[in-house]
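Below: the structure, in structure tokens.
Lettering of chains follows the sequences in order, A, B, ..., and the numbering in each one begins at 1.
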2 protein chains.
Amino acid sequence: MSGTTRLLLADDQALVRGALAALLALEPDLEVVAEVGRGDEVLAAVAEHRPDVCLLDIQMPGIDGIEACAAVRAAHPDVRVLVVTTFGRPGYLRRALEAGASGFVVKDTPATELAEAVRRVRAGLRVVDPVLATESLVDGASPLTERESDVLRAALDGEPVSAIAARLHLSGGTVRNHLSAAIGKTGTRTRAAAARVARERGWI
Amino acid sequence: MSGTTRLLLADDQALVRGALAALLALEPDLEVVAEVGRGDEVLAAVAEHRPDVCLLDIQMPGIDGIEACAAVRAAHPDVRVLVVTTFGRPGYLRRALEAGASGFVVKDTPATELAEAVRRVRAGLRVVDPVLATESLVDGASPLTERESDVLRAALDGEPVSAIAARLHLSGGTVRNHLSAAIGKTGTRTRAAAARVARERGWI
DNA sequence: ACCTCGCCATGACACCTGTCACGGGTGCAA
DNA sequence: TTGCACCCGTGACAGGTGTCATGGCGAGGT
């Protein structure tokens, strides 16, 4: 069986999505059966088209690729997921694997390797960028508490503490305490730098 | 002549680059003759392979696509440039056109339109996303002075004023003056928000 | 020559931030 | 029960930040 492997593509950039489809269509054993541009369309498309492997981008409107991966794995355990993303942030890799992804490749890997990665995932193997795996180990999981993450996320757009506090229904002092803790854990000196570092590490 | 249009692809993400090559290779009148992953490799590749049209991403290591476009146009006025970028920021469009680009498409346009855009550029026409063009008009050019842009760029990673001043060989007070002006021009209240807005607008 | 504009700088002021110490509350595991 | 970690809050303090007034310099345009 499995003369051809059925694929679903999810990427918010239509041009990239179509280009990946063209690339994968060159392989005689691969077939793109569905394309979606939003994370919250993935589950329905899987149910309708029954792919063998899903290629999911992380940053998408609706829900992100990580959540979409978890949803697909929960509803269709036989469907495997390969996360294909722009940013090789260690936290992304860890969270993707926790969500049940079988593989994780960044978009600056050579195009010739994508089809092989798909085949490996199809065969039940794991595909993980080796350099990213080591980075993930040294950086480890996020040391931020849930509330610290919330506050740091709210601080991403540079609003003053008062606005953050209002949006989260907290006291200004509490926000500053959480920010201070996050600043310490990221090894930075301002909340802006802490937010940037946490985002790069995939902690938020 | 011009049985086929010769193309150069420049994108830092190898997977996207290869996928675009596969997509364009489906068109019988188009031929990808060169691929590069860095902005500072574009000029040499143009000189060597003599493409008719260059597809340049903006964000690349080395020099960005805008500068690469200007360099190509200066050295090879007969080579046309189509900027293909992720972010449809109005400032990018304006700067790309100033640099001599013949076209500007964002990566979430349908894949089927890319080949047509390339043909239009090849024919000497301009290709510009219409909604982006209107946004560019309403937002206008950057109101920031050169120094304000420098300071705001240096403020992007959240360093304190003292670090910015040291990096730019300025006094702390001067940095704060420039930041204050930028905050006023962006309609924000903190330098972090000003930097974010300026980046979204393509002003920096 | 004059004026305007950008650039750099200083000083002063009100305000915001980052840090610390402290307390009270919850939930969870030893 | 006793810790322990997380959450929320207050108060206080040093230092950073945003704003303004003011001044000097040089490059353009009238």
Side-chain angles (χ1 to χ4, degrees), chain A residues 91 94-95 98 139-204, chain B residues 91 94-95 98 139-204:
Chain A
R94 191 184 45 73
R95 283 160 52 196
E98 285 174 1
D139 272 350
S142 170
L144 300 175
T145 69
E146 187 179 344
R147 220 53 180 144
E148 285 162 7
S149 302
D150 293 340
V151 175
L152 213 49
R153 224 187 321 271
L156 268 178
D157 43 12
E159 283 178 327
V161 167
S162 58
I164 301 174
R167 193 169 0 147
L168 270 57
H169 307 290
L170 289 178
S171 129
T174 300
V175 170
R176 281 193 287 155
N177 285 337
H178 285 310
L179 286 177
S180 184
I183 288 170
K185 289 176 181 178
T186 51
T188 54
R189 292 175 59 192
T190 70
R191 68 192 177 290
R196 188 178 56 84
V197 168
R199 193 181 44 189
E200 283 177 1
R201 300 247 221 278
W203 291 350
I204 56 176
Chain B
R94 190 185 44 74
R95 281 161 53 196
E98 285 174 1
D139 272 351
S142 170
L144 301 175
T145 69
E146 187 178 345
R147 221 49 179 149
E148 286 161 4
S149 302
D150 292 341
V151 174
L152 213 50
R153 225 187 321 270
L156 268 177
D157 44 10
E159 284 178 327
V161 167
S162 58
I164 302 174
R167 198 176 347 154
L168 270 59
H169 307 291
L170 290 178
S171 129
T174 300
V175 170
R176 281 193 288 155
N177 285 338
H178 285 311
L179 286 177
S180 184
I183 287 171
K185 289 176 180 177
T186 51
T188 54
R189 293 175 58 191
T190 69
R191 69 191 176 292
R196 189 179 56 82
V197 169
R199 193 182 43 190
E200 283 176 3
R201 299 246 220 280
W203 291 349
I204 55 177

Using only side-chain N and O atoms of Thr145(B), determine if any of them is under 4.0 Å from OP1 or OP2 of dG6(C).
no
Could you check whether Arg147(B) gets within reach of a base, just the sugar-phosphate, or nothing at all, counting any heavy atom under 4.0 Å?
sugar-phosphate
Measure CD/Glu148(B) against P/dG18(D) and give the value in whole Å, please.
14 Å
Could you tell me the separation between the CG atom of Leu152(A) and the P atom of dC7(D), rounded to a whole number of Å?
13 Å
Hey, does the side chain of His178(B) come within less than 4.0 Å of dC7(C)'s phosphate (OP1/OP2), counting only N and O?
no
Which nucleotide, dG18(C), dG18(D), dT17(C), lies nearest any side-chain atom of Ile183(A)?
dG18(C)
Just call it for Thr190(A): base, sugar-phosphate, or nothing, with non-hydrogen atoms closer than 4.0 Å on any strand.
sugar-phosphate
Could you check whether Thr174(A) gets within reach of a base, just the sugar-phosphate, or nothing at all, counting any heavy atom under 4.0 Å?
base
Return yes if the base of dC20(D) and the side-chain atoms of Asn177(B) contain a donor-acceptor N/O pair under 3.5 Å, otherwise no.
yes
Report the residue from Val197(A), Ile183(A), Leu144(A) that forms a side-chain contact (heavy atoms from CB on, under 4.5 Å) with Leu152(A).
Leu144(A)
Please report the shortest heavy-atom distance between Glu159(A) and Ile164(A), naming the atom on each side.
O-CD1, 3.8 Å
Please confirm whether the shortest side-chain N or O distance from Ser171(A) to OP1 or OP2 of dT10(D) is below 4.0 Å.
yes
Within the pair Arg189(A) and dG18(C), is there a side-chain N or O less than 4.0 Å away from OP1 or OP2?
no
Figure out the CG/P separation between Asp150(A) and dC6(D), and round it to whole Å.
14 Å
Figure out the CD1/C1' separation between Ile164(A) and dT17(C), and round it to whole Å.
11 Å
Measure the distance from CG on Leu179(B) to C1' on dC20(D) and round it to the nearest whole Å.
15 Å
Separation of atom CG in Leu144(B) from atom P in dC5(C), rounded to whole Å
17 Å
Euclidean distance, atom CD of residue Glu146(A) to atom C1' of dC7(D) [Å, nearest integer]:
11 Å
Would you confirm whether Arg95(A), through its side chain, and Gly202(A), through its main-chain N or O, come within 3.5 Å as a donor-acceptor pair?
yes
Which is more 5' along DNA chain C, the nucleotide nearest Gly172(B) or the one nearest Pro143(B)? Just name the residue.
Pro143(B)
Quick check on dC16(C): is either OP1 or OP2 less than 4.0 Å from any side-chain nitrogen or oxygen of Arg176(A)?
no
d(CD, Glu159(B); P, dT17(C)) in whole Å:
19 Å
Are Trp203(A) and Thr186(A) side-chain neighbours, meaning at least one heavy-atom pair lies under 4.5 Å?
yes
Under a 4.5 Å cut-off applied to non-hydrogen side-chain atoms, are Arg147(B) and Leu170(B) in contact?
yes
